Novice: 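The structure under discussion is supplied below as structure tokens; questions concerning it will follow.
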Amino acid sequence: MRRILVTSALPYANGQIHLGHLVETIQTDIWVRFQKLKGHECLYFCADDTHGTPVMIRARQEGISPETLVERIHAEHLSDFQGFHIGFDNYYTTNSPENRLLSEEVYLNNRQAGNIRVSTVRQAYCEWDQMFLPDRFIRGNCPTCGAEDQYGDACEVCSGSHSPLDLKNPRCSLCGDTPVERDSEHYFFRLTAFETFLKEWIRSGAVQPEMANKLDEWFEAGLQDWDISRDGPYFGFEIPDAPGKYFYVWLDAPIGYMASCWEWCKRHGRDFDAIWRRDDLMEVYHFIGKDILYFHTLFWPATLRGAGFRTPTAVYTHGFLTVNGQKMSKSRGTFITARRYLELLDPEYLRYYYAAKLTARVDDLDLNLDDFILRVNSDLVGKVVNIASRSAGFIHKRFAGRLAENYPHDDGLHDQFVAAGEEIAAHYDAREFSKAMRAIMNLADLANRFVEAKAPWNLAKDPAKSDELRDTCTVAINLFRILMIYLQPVLPQLAEKCRDFLQLPPFGWESRLQPLYGQTIREFAHMMARVDPKKVESLVETVAPVVPPAFAAKPVVAKPATPAAAPVASPSVVTPSPAPPLGEPLDIETFGQVDLRVAKILAAEPVDGADKLLRLTLDVGELGHKTVFAGIRAAYAPETLPGRLTVLVANLKPRKMRFGVSEGMVLAAGSGGDQLFLLTPDLGAAPGMRIR
RNA sequence: GGCGGGGUAGCUCAGUUGGUUAGAGCUGCGGAUUCAUAAUCCGUGUGUCGGCGGUUCAAGUCCGCCCCUCGCUACCA
């Protein structure tokens, strides 16, 4: 028996679980369930990643403590994952006593070993917010190309990277003030001391070949020591003997894997040290996305090594999720949260679809929604479940639900199915799930062909062939049972229904060896509904058409209310919207297709169940009244709007939304959130006038 | 700009160290069947293997250039 510890990357406690996260947790969960089915010990740990500036700022915005925020998000995340049958042995949090102790130990051991140094770093500091600003919280003009309103670290226009201190006209994205430069002592982890070790570790097969190549690039460029401290205020753990200094969130995040394990060990009477302080008892695997390769294959093994802990056996990296071939996007409606999916569709559809496309490589995975519907319906309902569905009826109608008394002659089909288990297991173990699914579906085809050849519906017409009829159905049900064992890691719920149907104890991988006969089975009940295309459609319905799509995902943060003497935030102190690249040239005819009208706002009211929307009733002159949903609630109080004029896109196709039909959109400038500014025509314009 | 990954049938993807007429599943189309959730079974693919050029007896598979796309570009994550 193997002893295996597995993790998925910790989701950040600022934001909802979406279908991208689920590529990883489903991949990991399938692998874990497979190992358990094989009879190995396999422990699966995860947690919320809770620390850092974004969580701190968001809590401040919501007027609650970071701890409260983090607890709420933890409950949401856990329930989302459970909805997808993710079988964690423990889903913990990095904001825990175990994580604090372990982080301190990792740090102190490294300090003891001479792996920590202190240097002075010059950084942007906001005097208003009284904090050092992370690069992402500074905006200004790109020092290279001059593009306006770029992040502190990189320019989206010329895609160059730069230091936030080089930005022209820098501003704090929290309050809009100009930051000052200030020195601060920072603690660094000497990553450079671990180059030899890391190269050996990587060569030991710890990462996939293509990731090893990527790491070689980084080695060639030269490793740099790692800044592991941040100045307060910072939501995180204070560094021992360094008042006001906190561990950078990425230092304690992966330690959260260990903390989750430790907390579980305490509840189950297991020896934490035997798992993490020696490497000969358990295998340790991390499943991650390629965006966090750096942390998991350089910093993480090095900090563990430097602190005297074991290092991971391997880190398995997967690619990103695309939806219909494109990056997930809120404006296209393809930024689909786990919760939204669960409101509409069976989680096992997605588990199967992902499994059907996952490989051991780092390729991106495309969720093509049309393909999704066809694939799931065809494979799962049409092929697999159908085998049981078409056989069980006879067993009940003719034999009172009792299978043949002995396992019938089947031309070696059962043996063939059992033998295929070797190859399928090898695919699962190698994380080649798509190959495993292909192999299983080939078996399902064989089973259907067997039924076809025996034609039980003809046997049923001849009373003399009663035994043959029962034999045929018994074989078919046996084949179905083996398929469900093979599919259990992917479809735990369906496998459960199958066990109930066949009145069987829990499956093990080897239970496929023993055929089923001489017993009664339950009446067949539907096990899985077909995918409803309408539900898939509503999955991608967009919710807030007015927010300019390109900016919807940008952090928009309100000015903090804390400093007492602060001036009231005025509209002149704003975070200017980023300057997006110029759009494609447009001829005037195309532009002319857009029917812009002056509209008078007659009424504006909040929409129940939507926190960003206002329902506007507009007077558009001879076009009559129109109802428009606008995502401007954060920027405008409803009572301030009636009576004012604005601009309506009048011939926009009506959009069915959860709350009603939106018959156009009003135009606004700005980056979204509370940074939105409605357009107003000059004096003299009247409702209904065409704008051109 | 530099580096790297992709670009193969309508869709999703396989294609080993270059070698017979480039494959699978799904869809579509034709037929069969009716036990089954209009499921199943049989039959059916003339694709410029992104483009151009080169090496070779032979290239999707090697080399060069170009196009499209995604990503990385170090104290950002």
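Below, read A as the first sequence line, B as the second, and so on, with proteins coming before strands; counting in each chain starts at 1. Keep in mind it's a predicted model, so treat the numbers as computed, not measured.
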Novice: 5'-most contact on RNA chain B: A525(A) or W250(A), nearest heavy atom basis?
Specialist: A525(A)
Novice: Below 4.5 Å, heavy atoms only, C-beta onward: do H186(A) and D231(A) meet side chain to side chain?
Specialist: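 When only atoms from C-beta onward are counted, D231(A) and H186(A) do touch, with a gap below 4.5 Å.
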Novice: Pick the C1' atom in rC13(B) and in rC52(B), then give their distance to the nearest Å.
Specialist: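 Rounded to whole Å, the distance is 27 Å.
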Novice: Using atom CG of D363(A) as one end and atom P of rG6(B) as the other, report the distance to the nearest whole Å.
Specialist: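 Roughly 8 Å, once rounded to whole Å.
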Novice: Is R438(A) salt-bridged to E432(A), cutoff N-O under 4.0 Å?
Specialist: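 E432(A) and R438(A): not salt-bridged.
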Novice: Can you tell me how far C1' in rG6(B) sits from the matching atom in rC76(B), rounded to whole Å?
Specialist: 26 Å
Novice: Cation-pi between R522(A) and F501(A): NZ/CZ under 6.0 Å from ring centre and within 45° of the ring axis?
Specialist: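 So R522(A) doesn't make the cation-pi contact.
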Novice: Measure from CZ on R390(A) to P on rU37(B) and round the result to the nearest Å.
Specialist: 11 Å
Novice: Given rU34(B), rU12(B), rC41(B), which nucleotide is nearest the side-chain atoms of K357(A)?
Specialist: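 Comparing rU34(B), rU12(B), rC41(B) against the side chain of K357(A), the answer is rU12(B).
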Novice: Answer with base, sugar-phosphate or nothing: what part of the nucleic acid does G222(A) contact at a heavy-atom distance below 4.0 Å?
Specialist: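 Answer is base: heavy atoms of G222(A) come under 4.0 Å of a base.
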Novice: What does the list of N/O pairs under 3.5 Å between the protein and nucleotides 24-28 of chain B look like, with a distance for each?
Specialist:
unit_1	atom_1	unit_2	atom_2	d
rC26(B)	OP1	K383(A)	NZ	3.2

Novice: With a non-hydrogen cut-off below 4.0 angstrom, is N448(A) in contact with a base, only sugar-phosphate, or nothing?
Specialist: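 Sugar-phosphate only.
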Novice: Just wondering, do H186(A) and rC75(B) stack (centres under 5.5 Å, planes under 30°)?
Specialist: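 Aromatic stack with rC75(B) absent for H186(A).
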Novice: Taking a pair as Watson-Crick or G-U wobble with both distances under 3.5 Å, which nucleotide is matched to rG71(B)?
Specialist: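 With both distances under 3.5 Å, rG71(B) matches rC3(B).
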Novice: For F320(A) and rG71(B), what is the distance between atoms CZ and P respectively, to the nearest whole Å?
Specialist: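 Rounded to whole Å, this separation is 8 Å.
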Novice: Starting from the C-alpha separation in whole Å, work towards a yes-or-no answer on side chain to side chain donor-acceptor pair (under 3.5 Å) for S184(A) and K245(A).
Specialist: CA-CA 10 Å; S184(A) 171; K245(A) 306 286 181 188; 2.9 Å; yes
Novice: Is R530(A) touching bases, backbone alone, or none of the nucleic acid, heavy atoms closer than 4.0 Å?
Specialist: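 Answer is base: heavy atoms of R530(A) come under 4.0 Å of a base.
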Novice: Would you mind classifying the nucleic acid contact of R361(A) as base, sugar-phosphate or nothing, using non-hydrogen atoms under 4.0 angstrom?
Specialist: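 Sugar-phosphate: the residue R361(A), judged by heavy atoms under 4.0 Å, touches backbone atoms but no base.
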Novice: Once you round it to whole Å, what is the distance between P of rG5(B) and CG of L215(A)?
Specialist: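 Whole-Å distance recorded here is 15 Å.
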Novice: Specify the closest pair of heavy atoms between C46(A) and P11(A), including all atoms of both residues, with the distance to one decimal.
Specialist: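 Answer, listing the atom of C46(A) first, then P11(A): SG-CD, 4.0 Å.
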Novice: Taking the same atom, C1', in rG7(B) and in rU44(B), what whole-Å distance lies between them?
Specialist: 28 Å
Novice: Provide the Watson-Crick or G-U wobble partner of rC26(B), both distances under 3.5 Å; none if there is no partner.
Specialist: rG10(B)
Novice: By nearest atom, which of the nucleotides rU40(B), rC72(B), rA14(B) is closest to the N386(A) side chain?
Specialist: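 So the nucleotide nearest the side chain must be rU40(B).
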Novice: Please state the C1' separation for the pair rU8(B) and rC68(B) - nearest whole angstrom.
Specialist: 16 Å
Novice: Could you check which nucleotide pairs with rA36(B) in any of the strands shown, counting Watson-Crick or G-U wobble with both distances under 3.5 Å?
Specialist: none
Novice: Separation of R190(A) atom CZ from rC75(B) atom P, in whole Å?
Specialist: 19 Å
Novice: Does R470(A) qualify as a cation-pi partner of F394(A), given the criterion of NZ or CZ under 6.0 Å from the six-membered ring centre and within 45 degrees of its axis?
Specialist: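 Negative - R470(A) is either too far from the ring of F394(A) or too far off its axis.
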Novice: Applying ring pair (Phe, Tyr, Trp, His ring centres under 6.0 Å), run through H18(A) and F335(A) and close with a yes or a no.
Specialist: CA-CA 7 Å; H18(A) 54 68; F335(A) 191 92; 5.1 Å; yes
Novice: Looking for any heavy atom pair under 4.0 Å, which part of the strands does G382(A) touch: base, sugar-phosphate only, or nothing?
Specialist: sugar-phosphate
Novice: Would you mind classifying the nucleic acid contact of R122(A) as base, sugar-phosphate or nothing, using non-hydrogen atoms under 4.0 angstrom?
Specialist: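 No contact at all - R122(A) keeps every heavy atom at 4.0 Å or more from the nucleic acid.
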Novice: V451(A) or L223(A): which one's nearest nucleotide on RNA chain B is closer to the 5' end?
Specialist: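 Its nearest nucleotide being more 5', the pick is V451(A).
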Novice: Under a 3.5 Å cut-off for both distances, is rG64(B) Watson-Crick or wobble paired, and to whom?
Specialist: rC52(B)
Novice: Please determine which of F299(A), W300(A), F194(A) meets the ring-ring contact (aromatic ring centres under 6.0 Å, His included) test together with F189(A).
Specialist: F194(A)
Novice: Searching all strands shown, indicate the nucleotide that pairs with rC57(B) (Watson-Crick or G-U wobble; both distances under 3.5 Å).
Specialist: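 Matched rC57(B) with rG19(B) under the 3.5 Å cut-off.
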Novice: Taking the minimum atom-to-atom distance to the side chain of E452(A), which one of rU37(B), rU40(B), rA74(B) wins?
Specialist: rU40(B)
Novice: Could you check whether V385(A) gets within reach of a base, just the sugar-phosphate, or nothing at all, counting any heavy atom under 4.0 Å?
Specialist: base
Novice: In whole Å, what is the span from the CD atom of E432(A) to the C1' atom of rU16(B)?
Specialist: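 In whole Å, rU16(B) C1' lies 14 Å from E432(A) CD.
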Novice: Should the pair K199(A)-E195(A) be classified as a salt bridge under the 4.0 Å nitrogen-to-oxygen rule?
Specialist: yes
Novice: Under the rule for side chain to side chain contact (heavy atoms under 4.5 Å, CB included), what residues qualify as partners of S391(A), not counting sequence neighbours?
Specialist: C473(A), A476(A), I477(A)
Novice: rG7(B) C1' sits how many Å from D364(A) CG, rounded?
Specialist: 13 Å
Novice: rC76(B) pairs with which nucleotide, Watson-Crick or G-U wobble, both distances below 3.5 Å?
Specialist: none
Novice: Rounding to an integer number of angstrom, what distance separates rU21(B) and rA58(B) when you compare their P atoms?
Specialist: 14 Å
Novice: Is the closest side-chain donor-acceptor distance between T322(A) and D366(A) under 3.5 Å?
Specialist: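 Present: a donor and an acceptor within the cut-off.
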Novice: With a non-hydrogen cut-off below 4.0 angstrom, is D225(A) in contact with a base, only sugar-phosphate, or nothing?
Specialist: base
Novice: Is K435(A) touching bases, backbone alone, or none of the nucleic acid, heavy atoms closer than 4.0 Å?
Specialist: nothing
Novice: Could you work out the separation of rG45(B) and rG23(B) based on their C1' atoms and round it to a whole Å?
Specialist: 11 Å
Novice: Under 4.0 Å between any heavy atoms, over every strand shown, what does M527(A) touch: base, sugar-phosphate, or nothing? Just pick one.
Specialist: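 Here M527(A) touches the bases of the nucleic acid.
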Novice: With rounding to whole Å, what would you report as the distance between rG5(B) and rC42(B) at their C1' atoms?
Specialist: 42 Å
Novice: Are there any protein N/O atoms within less than 3.5 Å of an N/O atom in nucleotides 2-4 of chain B, and if so, which ones and at what distance?
Specialist:
none

Novice: Could you tell me the Watson-Crick or G-U partner of rC41(B), where both distances fall under 3.5 Å? Say none if there is no partner.
Specialist: rG31(B)
Novice: Measure the acute angle between the ring planes of W218(A) and Y294(A), then classify it against the limits of 30° and 60° as parallel, tilted or perpendicular.
Specialist: perpendicular
Novice: Let's see if you can work this out: which of rC35(B), rA36(B), rG71(B) has an atom nearest to the side-chain heavy atoms of S389(A)?
Specialist: rA36(B)
Novice: Regarding N368(A), tell me which of base, sugar-phosphate or nothing describes its non-hydrogen contacts under 4.0 Å with the strands shown.
Specialist: sugar-phosphate
Novice: Within 45° of the six-membered ring axis of Y246(A) and under 6.0 Å from that ring's centre, is NZ or CZ of R230(A) located there?
Specialist: no
Novice: Could you tell me the separation between the CG atom of D135(A) and the P atom of rA74(B), rounded to a whole number of Å?
Specialist: 11 Å
Novice: If you measure from the Lys or Arg side-chain nitrogens to the Asp or Glu carboxylate oxygens, is any gap between K454(A) and D471(A) under 4.0 Å?
Specialist: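 Answer for the salt bridge query: no.
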Novice: Which value, in whole Å, describes the distance between the P atoms of nucleotides rC41(B) and rG47(B)?
Specialist: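 Those two atoms are separated by 28 Å.
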